[in-house]
Amino acid sequence: DANLESVPIQDGIGRAARALVAVGNRYPATLQDPTILGTKNPAIREPLTTLLQRGQADGRIRSDVPLDCLLESLLALVTACLRSGSHHGQGREDISATIVRLFLQGATEPA
């Protein structure tokens, strides 16, 4: 439902993060099962892989990192940020924004 194919890469990452955070927030057990909210679920893997491939092709997502690593990294960020953000009282939007910043910009301070 996020229509990832019709938006710019950064917006797509944001939409995906918000959708995954919403599901993980509502159903925390899904974070433990890669067949539900992970790489073994084609409904998750395929649109995210397509988005990341598109980002690599247009130079907005680094191409020196294997696609599988990028996908697993994004999903790991969802899990980690959802757990720690919830613990620190962050809401879904703040958690999603953290995921997007970390995935697209890394952990370094902005220049």
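Index from 1, following the sequence.
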What distance do [X] atom [atom1] and [Y] atom [atom2] have between them, rounded to the nearest 0.5 Å?
X	Y	atom1	atom2	value
Leu82	Leu77	CG	CG	11.5 Å
Leu71	Gln53	CG	CD	10.0 Å
Leu20	Arg15	CG	CZ	14.0 Å
Ile9	Leu104	CD1	CG	9.5 Å
Ser96	Ile13	OG	CD1	12.0 Å
Asn25	Arg18	CG	CZ	14.5 Å

Where [X] and [Y] come nearest, the two heavy atoms and their spacing:
X	Y	value
Phe103	Leu70	CE1-O, 3.5 Å
Leu102	Ala107	CD2-CA, 4.1 Å
Cys81	Thr98	SG-CG2, 3.9 Å
Pro47	Pro42	CD-O, 3.6 Å
Thr30	Gly24	OG1-CA, 3.9 Å
Thr39	Glu72	CG2-CG, 3.7 Å

(message) Among residues at least two apart in sequence or on other chains, which ones pass side-chain hydrogen bond (donor to acceptor under 3.5 Å, both in side chains) with Arg62?
(response) Asp64

(message) Thr79: which residues meet the side-chain hydrogen bond (donor to acceptor under 3.5 Å, both in side chains) condition with it, sequence neighbours left out?
(response) none

(message) Test of understanding: clusters of I, L, V, M, F, W, Y form through side-chain heavy atoms closer than 4.5 Å, transitively. Do Ile44 and Val7 belong to the same one?
(response) no

(request) May I ask you to decide if Leu51's main-chain N or O and Gln56's side chain share a donor-acceptor pair within less than 3.5 Å? (result) no

(message) Looking at Leu4, is its backbone amide N or carbonyl O close enough to the side chain of Arg54 to form a donor-acceptor pair, meaning the two atoms are under 3.5 Å apart?
(response) yes

(request) Determine whether Leu74 and Ile99 make a side-chain contact, defined as any pair of heavy atoms from C-beta on separated by less than 4.5 Å. (result) yes

(message) With a sphere of 6.0 Å drawn around CD of Gln10, does it hold more than 12 non-hydrogen atoms of other residues, nucleotides or ligands?
(response) no

(message) Looking at Arg60, I want to see if its CZ is surrounded by more than 12 non-hydrogen atoms of other residues, nucleotides or ligands under 6.0 Å.
(response) no

